[in-house]
Every structure is written in C-alpha cells, then in structure tokens.
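Values reported hereafter were calculated over all heavy atoms of this structure, with side chains retained and with hydrogens, waters and symmetry mates removed. Residue numbers count from 1 along this sequence.
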Amino acid sequence: MFDLFGKSHTMAIASAFAGSSDPWRFNELKGALEISQTTLSTRLDDLLEENLITRRAYDEMPPRVEYEATAKLNAAEPVIQDLVAWWRGDW
C-alpha cells in the first residue's frame with residue numbers, strides 16, 4: 001500500500017475518486033489535478049491493477065472512457081481524506 005500511495009500524485013488521484021460519487025473522465029482528472037498525461041495514465045493503471053478503480057469504455061465517437069472508485073477505495077475514503085488533511089496541515 002505504501003509503495004502505491006507513495007508514488008507521486010497517487011494520493012491526490014485517490015482522494016479525487018474517494019471524494020466523489022460520480023465517475024471521472026481522463027481529461028477532467030488531468031485538468032482538476034494538473035497532472036501530466038503520462039503520469040496520470042500510469043497512476044490510473046496502478047489503481048486499476050490494485051482494483052481501487054474501474055475503467056469503462058463506451059463504444060462512441062469520439063471515444064469516451066470513465067473511471068470510478070470501487071467499493072475497496074470507497075471503504076478507504078475516511079483514511080485517505082485524513083491523510084490528505086494531515087499532509088496539508090488541516091488537522
């Protein structure tokens with residue numbers, strides 16, 4: 001867990017998912033978190049591999065892909081929010 005969340009931007013991405021009940025699109029996350037495309041793509045793959053988010057691709061033009069938190073990530077939401085608050089000094 002520490003290896004995953006210790007990677008740059010992973011905690012910010014997880015926090016965005018944990019704090020939202022709506023799915024996120026790639027460019028929405030990129031803009032909201034100001035993360036490079038390469039880093040965001042890599043971190044989303046990491047979160048997918050750990051079953052913390054799901055990816056849903058729609059057969060549309062232009063292509064649409066949405067990412068959503070899994071129950072596993074939602075269960076960790078209080079911990080993630082507390083860690084983010086601690087890091088920012090909001091405690």
Thr54 side, atom OG1; Glu68 side, atom CD - distance, nearest 0.5 Å: 5.5 Å

Under the rule for side-chain hydrogen bond (donor to acceptor under 3.5 Å, both in side chains), what residues qualify as partners of Lys7, not counting sequence neighbours? Asp46

Would the distance check show the side chain of Thr42 and the main-chain N or O of Thr38 forming a donor-acceptor pair, the cut-off being under 3.5 Å? yes

Set of residues satisfying side-chain hydrogen bond (donor to acceptor under 3.5 Å, both in side chains) with respect to Thr70, sequence neighbours excluded: none

NZ of Lys72 to CD1 of Ile53: how many Å apart, nearest 0.5 Å? 12.0 Å

How long is the span from the CG atom in Leu40 to the CD atom in Glu34, to the nearest 0.5 Å? 12.5 Å

Using the rule given for side chain to side chain contact (heavy atoms under 4.5 Å, CB included), can you reason through Leu33 versus His9, listing the C-alpha separation, both sets of side-chain angles and the distance that settles it, and then say yes or no? CA-CA 8 Å; Leu33 301 174; His9 304 291; over 6 Å; no

Residues in side chain to side chain contact (heavy atoms under 4.5 Å, CB included) with Ala57, at least two apart? Arg55, Val65

Can you name the residues that form a side-chain hydrogen bond (donor to acceptor under 3.5 Å, both in side chains) with Glu66, not counting sequence neighbours? Tyr58, Arg64

Contact check, side chains of Ile13 and Leu44, non-hydrogen atoms, under 4.5 Å: yes

Taking only residues two or more places apart in sequence or in another chain, which ones pass side-chain hydrogen bond (donor to acceptor under 3.5 Å, both in side chains) with Gln37? none

Between Phe17 and Ile80, is the side chain to side chain contact (heavy atoms under 4.5 Å, CB included) condition met? List the steps. CA-CA 10 Å; Phe17 280 103; Ile80 291 168; over 6 Å; no

To the nearest 0.5 Å, tell me how far Leu29 CG sits from Arg43 CZ. 14.0 Å

Kindly write out the residues that satisfy side chain to side chain contact (heavy atoms under 4.5 Å, CB included) with Asn51, not counting sequence neighbours, or none if the list is empty. none

Which heavy atom in Ala18 sits nearest to a heavy atom in Leu73, and how many Å separate them? N-CD2, 4.5 Å

Could you name each residue pair satisfying side chain to side chain donor-acceptor pair (under 3.5 Å) that touches residues 17-28, not counting sequence neighbours? none

